[in-house]
Every structure is written in structure tokens, then in C-alpha cells.
Amino acid sequence: MATVSLTVNGQRVSAEVEGRTLLVQLLREHLNLTGTHVGCDTSQCGCCTVHLDGKGVKSCTVLALACEGATVTTIEGLARGGELHPMQAAFREHHALQCGFCTPGMIMSAVDMVSRKGHDLDERTVREQLEGNICRCTGYHNIVKAIQAGAAAMKRS
Amino acid sequence: MALTAKSARIGEPVQRKEDLRLITGAGCFSDDVNLPGQAYAVMVRSPHAHARIRSIDVEKALAVPGVIAVLTGRDLLADGVKPIPHRPFSPHPADVTLANTDGTPMFTAPHYPLAIDKVRHVGEALAMVIAETVAAAKDGAEMVEVDCELLPAVSNTAAAARPDAPRLFDEARSNVCLDAEVGDRDATAAAFARAAHSVRFDTWVPRVTGVPMEPRAAVGAYDASTGRYTLHAGTSGAWRTKMDLAIMLGVAEDAVRVITRDVGGHFGTRGMLYAEFALVAWGARRAGRPVKWTCERHEAFTTDYQGRDLVVEAELALDADGNFLAMRGSNLSNAGGHTTNFSPLRKGVEIMSSIYRVPAAHFRARGVVSNTAPTRPYRSSGRPEVLYVMERLIDLAARQCGFDRVELRRRNLVTEAEMPYTNPFGMIYSDGAYHRVMEKALQLGDWAGFPARRAEARARGKCRGLGVANYVDTSSGVPRERAEMTVHPDGMVDVIIGTVSTGQGHETSFAQLVTEWLGVPFDNVRILTGDTEFVKFGGGTHSGRGMRLASIVIWGASQRIIEKGRRIAAALLECEPGAVAFRDGAFARPGGGRTVSLADVARGARDLTDLPEDLRGPLAAIGDETVSVAEFPYGCQVVEIEIDPELGTLEIVRYSAVDDVGRAVNPGIIEGQVHGGIAQGVGQALMEQCYYDPATGQLLSGSFMDYAMPRADNFPFFNTEYVEIPSTTHPLGMRPAGEGGTAPALGVMINAIVDALADYGVKHVEMPATPERIWRAIREARAAPAHGKVM
Amino acid sequence: MYDFSYHRPVSLAAAAAIAARDGYKLLAGGMSLIPALKLRLARYSGLVDLGALGGLRGIAREGNAIVIGALTLHAEVAASPEVARAIPALAALAGGIGDPLVRNRGTIGGSIANADPAADYPAGVLGLGATVRTNQREIAADDFFTGLFTTALQPSEIITAVRFPIPQAAAYCKHRQPASRFALAGVFVAQTAAGARVAVTGAGPSAFRLAEAEAALGKRFEASALDGIDISPRGLNSDIHASAEYRARCVQVMARRAVLKACEDRAGGR
């Protein structure tokens, strides 16, 4: 067992973890932040996406101990002071979620997409950039629309 | 569509109530539940597809640090745990009955949650290890020693039905559990005898799996002082799960409580209790602690209830003008390793003729077991398979006999004047404007402009194809549903109902019904589901029954609330009940003046002492209905694709769909359902397959690395519209809209692909129509132009 | 996973020393190793996380070559102006590995040390005739990939950088396996002063070169030079996703498309 200290959603936290403890386990089991989900075991579905030092990563494929001193933002940390992040608002406005299980990862991935690809995202770019996020409910149509709208809204805010 | 509603009434694309918690990570899915002191279960699963269990030695496993208990099938039997109460057919009066033609009862065998004498598919659970941590349980599972006698396995559907196939159940005559027939054999034979044309189509609709993004998980708890079990698990119906668990655990109904909160997708995959739900409940009693189990994705691939897997031989007879005279053939459905459910076989065979006029038909319907995971209904249970067959027969007939594909459909679609129409299997379609909807779809897909687009693509060396397919869905399911509605003195309105939302947005769409009918603010309405502590009965969500039945019982409860409220209001307003008007959530005296709201009435009912007995107490009412008629939603899809013949890769250029939803409650939600349904249909048509090795029964597609899930880049934006022609058999005109995206998708995709490759002489491509299959079809057709094979 | 002790050394020497212990394994981005560990397909007593070795991260021009540090992320290579200028095909290759989230963690060193038969980098390393630098020696690309998930690396040898000679023209085209999105067949072609190189990934047990295609392209670096060159299915992978025959076809088509793209980019001054 070892101790890992990091910042999660703006708060300094510490936890006793094993070498094999994954970041997603640290979040879900130690910190009770269950908004980040586990949907697969081959690092493909993207339900576990969080931001690690400002970049979107699959938290199911990152060791907790590798996050010593890092800054992590999860879906729970996206809204600020009770106000939804523009990407969250866009998902609701465009009915980009049905069961909601892939949604936290989808939103986190979308925010990361904007930081890498900018605010003016065309359909093709969004679809390609979503390769690491699987949804079974929506057929992706509304997700793409939401991300385009959310990206534009992020520019305005 | 963006959800910008003008109000929260019926017909408005209201933003969903459930979204706020889901987009902020505050949902509660199965694995989010943790109970104090919980232990963890890991299942020991068979690596073999077919084996007789000689012994299971748990000594070494018990010695692993952290292991609390290791339970096997023997322990299960000793404790009197019963098999999973599968029902081969969901009872509904509108569906046809399938029974063995020879009069013998169909074969079913008990399915215990842990294998007892044999394992019949890879992944079947043999033992449950309960430990302090998941890791310790896994370590323990590795030390369980299973001695078994390997048996030959059969996974291929047709092979499993052969008399010499390895037998799954020693006590059965063969693997074929059900051998039934429907229709009129003689009339059909006569029709074929005089037919000018007949077309034959043999195909296998392969097996796929639902893959809800949330893997299943459950926490079982047992209170020894009360003898009560509690199960926290995502289900598609908490009440049904409770009843099934009570049977398995041998306790009274109220000794079991099931709590289902947020559910990450269903699609039919969550349509029945899973072995592990019973195991964690039983395990909690044995271990003296709550027991949590979470399915890993590779585990889900081997043990989720899977879908489809139908071998079909079919023929269509036509007269010289192209009128359909009859159809006949044989459907063989693969039930998997247990006699779990044969509903897709029935739902399919009863609707083989789709919405076309087919005077006579005869089909054999067989169900067979094999060394594969058990199958159950999956999105539009049974229909995508058979509608694909019919649409392929029509396209084949058009090409073979020289008819135009659309004209052949126009000629044979049942007309509005013929409604209600009884199909050759006895199913009665109450109403439908099939021609109107198909015309709309053809326009949406710009059928007329296609030749120019095809030519333009050809100039670029690409092959464009266009497909059309009609569909009808038989929406039946558990016929009874119940809603309990209460208007609270503070103005909140609670509706307890026995459905469960697994992504359909019931918290919103059901609330819209209440807003419309009671005139109360949308934000005041709470839809409460999923906890059998307060859900006294519920059929769950499946077969398009959610909104269909919820609307009926919520309507009934609303009317009763209004009537009861009217009488109380009369007392408050000091006038005759008959004179009281109800509008916009309030009761008014004749001639205007004072009004009282429903909340006022609820307060009055609580506080007034001089009201009649039956009006005092909570302002509440129940809607409890049993609906014996089925609904038949229908629609049409037109799809345009472009194939690159170099490698057989395919791009969907345009996907158009028109559905008749009768009366739309939330158009945004409906549209989302169509999109998702399309995606699942396209997934099966192009890329998905549960691939079992024919020799060993090993599942070769056990993860997302090998089971191809459609991604965002597999689709364009969809082109969907709906029409609202009120259903004549639903009191509010509503038709289910949840499965129409999938129902025609298999047929329309393959029709489009064959159309694209027609110039090469390709007659058919089996599913999944992967690039390699398309490439090979082109090569084989080029190499043998004289005799292009059907398959 | 089976548990292990986790180490995060701050110097290359310390990393090498710890990695030399029995049952220890090097960890870079973890995008291949951690999934394997999660499925209990492998077991180690210790993991040596190289993430603190900042000196192994970075992209530099070294004469007529681009040198990429072993811990450089795929996303960094994909977005590097240096790489885009000198070897755009390599930037494009990196930009197509996995998905954007994987590219935010995966590293070039980790990828080639793992030598997945369907990974993209092996085709680029082999196709450009790169040199793999380790903390012990330099290994030529042709000597590096030796078999299925096997390389010439010694057990605790640490890749420090990969040196890519800048070609006259190059491109990478891959046909994706629809489930994993790995290469079902990926072909990297390069026109160099020493002749043409054609490297294939995804189709065989490890990345390999196509001698006949190289000879033809060496004479004339044009797509038509490949006409009449058959790719044999013998020795190619066959699985539920594609037969060896189809893979051979994919190799043929990807090779041709890669040459077309390389010529296009060269003409466009890229």
C-alpha cells in the first residue's frame, strides 16, 4: 500500500492505494465520485474519461499512483458554482443522452476535444474525434449536434 | 432536434428532468450502490462450451486470504434455491400460439443460477466466490478446481438441429425444443401451384448482443431478523424481478424488495432476471453480509442474454402481375444453452408477411438449443429478422421477375380501405396508412433523384445503392400496468408506476401527460418507479409497452383524481359537483369567481371533517388496466449507401425514416429512439456478430476488440420524420415508437447493398455485410456471371 | 490485476537498476500494458513507471533526421510542427493511433517495445528505416521487430529515443479492423536516398517489409509501379475479421494509396 496525494475537482485529497489501484477506482471507491463510469475492460468505451492535468484520459487505464501531485477533473467538477458547463447544457438542450451511462465520459471527452480542435467543429471532425467514446442509445446524431453547439458556446463564455 | 418547448404539454419537445443528474455525474447506476460491510462476489465460469461436471473442489479457494465463502450448485440445491423462472413465451392474447405440431408439450428444462450437472455454454457460472475484495475473490476463483468431462459442442444453429448433433439435455429427444407450424399449409400449397412466379431466399440472421453500456451489477442484502432480502440492481422491471426472486429463494413476495434506480440501457438484454441477482441475494444470507457483484465487459459478452440468431428458408409466390399470392418456409431460432425464451421466434413468425397483402402462408417454427449463451428478445424482438426476409424476397422477386421494386411494394401494401386487416397468420392490424408513409419516406430519401447520383458515383469509380423497407412492429408485452397518483397538499403530484426507464425519458414524458391532463406545473410532477416498496405491480418496460400502457393508466388515474377533486371542490365552493368546471388545474364555480386548485382540494381532503368518508384522506387514485390488444406501429426507411469496390468499404450517404407514432408526446425523445434503433439495426447489418467457433463453441468476440460496436464515424446525421395518424386501438391514439428504428434496418441495408452491387450480378450478401463479404461478393459475381448465387 | 510494487524513478540509471529486478516491467503510457494486466494476462512483481523521466520526452531535429524521445505522447507527435514539416506522414500516423484519449497517454517507446502486430508505429519505424536508441545501444529498425509481441530488446533495456531519417516522400495508409480500430493492414511507404521502403503492419505476426514492392518503387516511385505485384496471403493473419486473402488485398490497396498520397504530398511541397 502507498499513499497518493492529488487534487480532484479543486480539492486536495489523499488515499491509501495499492500499486494496482486504477485512477477510476480511486475516484469511484475511495472518493465516492461515482459519476465516472466503467463500461468495458479494453480501454475502448470512454465511459471513464476524466481530465488529468488538463487532458482527457481514460481513467480505467491510468494507475492511481501515477497521479501523484496531479490535477484531476471529473464530471462532478465541471459545473462551477451551481452553473452548468456550456457542454453539459448543450447535451441537455440537444437530447444528447438517453440512459446517461456514457454521458459523463462523452462530455469530458467533448471538452477535451474543444481544447485540442477549437470551437468551430465540423461534423466530420466531431465524429472522428469520438472514436474513443461508445454510445449504444443515441446513434450519435444528437451527441454530434450537442458537441458542435457546446463548442461554440464555450467560445462565447 | 434541439429541445426547445413552448410548454410542457403533450407534443412538446420538453427538456428531460432526468438529465440534470445524469450530466453532472449524480446518477445512481447499479455499480454506484455500496452497502456498509459489503463483500464481493466473483463467479467461476466454465471455459468449456459443453461439459459434464464431475466434481468441484473448493478447499484451496477457501484457504485464499480474504475469501469468505465458496458456493457451488450443490450448495444451491441443498438450500432449496429454485431455477430461474423463465417463461418461454410472454403471455399476450394478441400473439399467435406456438405448440408442437405433434401435440407433445414443448421441451423446457430448469436453468439453475449455478450449473448443477453440466455446463452448456462458455461462461456459465459453476461457483460463486465471496471475499473481502474483488481481487481476493478473483484469487479465490482461480483456486477453485473443477473436474469435468469435456463433451462435443455445437454452436451453429442449423447444426444443432440435426438429429446427430451433440445433445444438450439428456432427457430431450433432440436439441429441437419446439417444432410448430402456423398458417394454412393446403391453401399455401395451392397458391404456389398456380403461381406465375416464385422466389426463394435462404438466410441466417446471425446472433448479436445488446451491449447496454452499463454492465450489469447487483448488491444483495439479507436481514436475518426479518427474513427479508433486498436486491439493488438495474432491471427493466423491479416488480417482476421481485416476484421471480421470491420464487427462486422460496419466500413470500413481500420478503423481497428490489430497488432499480438509473439503468444504463436495456434493449431486451435486461429483460429477465439474471443468475447473479439470485446468487448475490442468496449469497448475502449465506455470508451474513451484503454481497456485491459487478459484471466485467468480457463477462457480459459471454453471459448477457443474446439476441436474434435465426435460420430462415422462405419462398414468395406471385402472379403474373406481381400480386403476392402466398409465402411459406421455415424459421429455426437458436435459444442458446438453456430453454430460456422463444418469444422472438413467435413474434417473428406471426408477422412474416409484414404489411403486405399475402392471402395465404404457412411456416414451420422451430426453436433449438445449442452450446451458446441463452437468447432472449432484443430490440424489436423477432421482427427485424423476418421483416428483412420479406423485404429481401420482394427485392429478389422484383429483380428476378422484372418488376420495379417500389411498384411491387405499392401494389401489395395493404390499403387503408382494407383495415382492419388479418394477416395470414391471424394477426389483426387495426389500422395503418402504409402507402402514405412509404411515399413520404421515398420523398425524404429522394428516390426519384437517385439515378443521377448513381451515375455521378460511378464516374468516380464508386457504387451507389438505394434500399427501401417497410416495417410493422407487434407491440404487446405484459398486458397489465398500474399507476398510483397522489396530489399532495403542497401541490406536488406523485405517480408511482411499474415501468422502468432505461433511457426512454419516462420521468419527462409521463410527467408531460400529467401536466396536460391535470394542468399542474411540470416541475411539480414526480414519476416514481423502480422500488417494490412502493410499486405494487409493474410490467416493466419492453415491447413498446412503456408509454403505450402508462398513458392509459395515468389517464385513468387522472380522470379519477379530477372526479374526486370535483366533488371535494364542490364542497369548498359550496355548489353542486355537476356545476363545477375543471380547467388548467383548477375547479371553478359556474359564473366565474372563486377557483380552487388541486392542491387546495388536496388540503381540503386532508383537513375538512365534514366531507363524506370516501372523499377524505389523500387525494389519490389508481389506474390499473389490462390491455389485450396489441399495437402495430409501422413505418418505412429509405437508405442510400456508397461502396468502394476496391475493398468493399461502405459509407451510409443518407438514412431516411418515417414512423407513424399515432400521437407524439415528446418529439425529441421519439426522434432519439428512432436514431438509436437505427444504429442498432445498422450495427447488425454491417458489423456486429457474436462469433462462436463452430468446432469448440468458444466465443471469439468476447470484447470490444472483436465485437464491432458502431461508432460516431459510422453514421451520417439521420433524416427522420414522423406522422401522427391516431391509432384506433389506443384510447389516446398513441403508437409505440421505441423499436421502429431497428425493425426495417436489416432489410433496408442489405437491399441497398445488393442494389449497389447489382451491376456486378451480385444477388445477395449475408450479414454482417463486412467489407470483406462485399468484396468477395463482387469477385465471385464477376468470376461466375452465369450463375450468381443467392447466398 | 495481480498486485505489484509501483516505482517512479527520477533518473534513467535508477530506472534501469530497478527494472533489472526479477519480475519487473517497464511502464510508459500504459495503454497496452494496463489493459493486459487488468485481464490478468500477465503478472509482475513490480512496475517501473518511466513517467518522471522528462529527458525522454521531446522532439528535436538532428541533422537530416527527427529524433523523438521515447516518452513523447502520440498526441504530441501528431501536433508537432517540427514533425509536420519534416515527416508529415509520421505526424499523421501518430494522429491515427487508437483514439484521442489514448493519444493523450500513449508513447512511442511504449508502443514499439510492446510490438503489437497491429500497432501503427512499427510500420513507421520500419518504413522509415529508423534507429531505436536505448540506454545500452542503437538498434536498426530492420533488427528491432522480431516476432509476435517480440523485439530485440533485452529484458530491462530502456528505449530512450527513436531517430527517423527524413525521407523524400512518405505516407501511411491503414484499413481499420472495425472493432478494435487497429490496423487490419497498414502500409507505410517511404522514398529515401537509399531506395524505397515499404513496411506493413496488421497483416502478419509482426511488421514486415515488402521486398518486391520496394524494388519496383525504387526504380519508379509511382503508384503504377506496383501494378502487377501480387501480395501473397501466405503467412498473413487470418481471423474472424479478415481472411489472409482479404488482408493481402488490403495490403495491396493500402500500399498503392500510400504511394499516391506520398507523391501528392511531395508535389504539394509537404
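Every chain is numbered from 1, with letters handed out A, B, ... down the list of sequences.
Counted within 6.0 Å of CZ on Arg80(A), heavy atoms from surrounding residues, nucleotides or ligands total 12 or fewer; the atom is thus considered open. Residue Arg116(A) qualifies as enclosed at atom CZ: its count of foreign heavy atoms under 6.0 Å is above 12. Other residues, nucleotides and ligands contribute only 12 or fewer heavy atoms inside 6.0 Å of the CG atom of Asp120(A). Atom NZ of Lys55(A) sits in a crowded spot, with more than 12 heavy atoms from other residues, nucleotides or ligands closer than 6.0 Å.
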Walk me through whether Glu671(B) and His95(A) qualify under side chain to side chain contact (heavy atoms under 4.5 Å, CB included). CA-CA 10 Å; Glu671(B) 193 186 65; His95(A) 187 37; over 6 Å; no
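Contacts of Phe29(B) with chain A are made by side-chain atoms alone, with heavy-atom separations under 4.5 Å and no backbone atom involved. With a threshold of 4.5 angstrom between heavy atoms, Val263(B) approaches chain A through N, CA, C or O but not through any side-chain atom. Contact annotation for Thr502(B): only backbone heavy atoms (N, CA, C, O) come within less than 4.5 Å of a heavy atom of chain A. For Met709(B), the part lying under 4.5 angstrom from a heavy atom of chain A is the side chain only. If you measure heavy-atom distances from Asp31(B) to chain A, the contacts under 4.5 Å come from both the backbone and the side chain.
Taking every heavy atom of both residues into account, Ile75(A) and Gly25(B) meet most closely at CG2-CA, 3.6 Å. When all heavy atoms of Ile23(B) and Gln88(A) are compared, the pair lying nearest together is O-NE2, 2.7 Å. Residues Arg20(A) and Ala135(B) come closest through the heavy atom pair NH2-CB, 3.4 Å. The two residues Arg92(A) and Asp19(B) have their closest heavy-atom pair at CG-OD2, 3.6 Å. For the pair Phe267(B) and Cys137(A), the tightest heavy-atom approach, listed with the atom from each and the gap, is CZ-SG, 3.7 Å. Taking every heavy atom of both residues into account, Gly139(A) and Phe715(B) meet most closely at O-CD1, 4.1 Å.
Atom CD of Gln15(B) is separated from atom NE2 of His94(A) by 9.0 Å, given to the nearest 0.5 angstrom. For the atom pair OH of Tyr140(A) and CG of Asp713(B), the computed distance is 8.5 Å after rounding to the nearest 0.5 Å.
Among residues 26-47 of chain A, the residues having any heavy atom closer than 4.5 Å to a heavy atom of chain B are, in sequence order, Arg28(A), Thr34(A), Gly35(A), His37(A), Val38(A), Gly39(A), Cys40(A), Asp41(A), Thr42(A), Gln44(A), Cys45(A), Cys47(A).
Ring geometry for His141(A) against His675(B) counts as parallel: the plane angle stays under 30°, on a 0 to 90° scale with 60° as the upper cut.
Among the candidates Leu97(A), Thr138(A), Thr74(A), the residue making the largest number of heavy-atom pairs closer than 4.5 Å to chain B is Leu97(A).
For Glu688(B) and Arg136(A), the salt-bridge test passes: some basic side-chain N is under 4.0 Å from an acidic carboxylate O.
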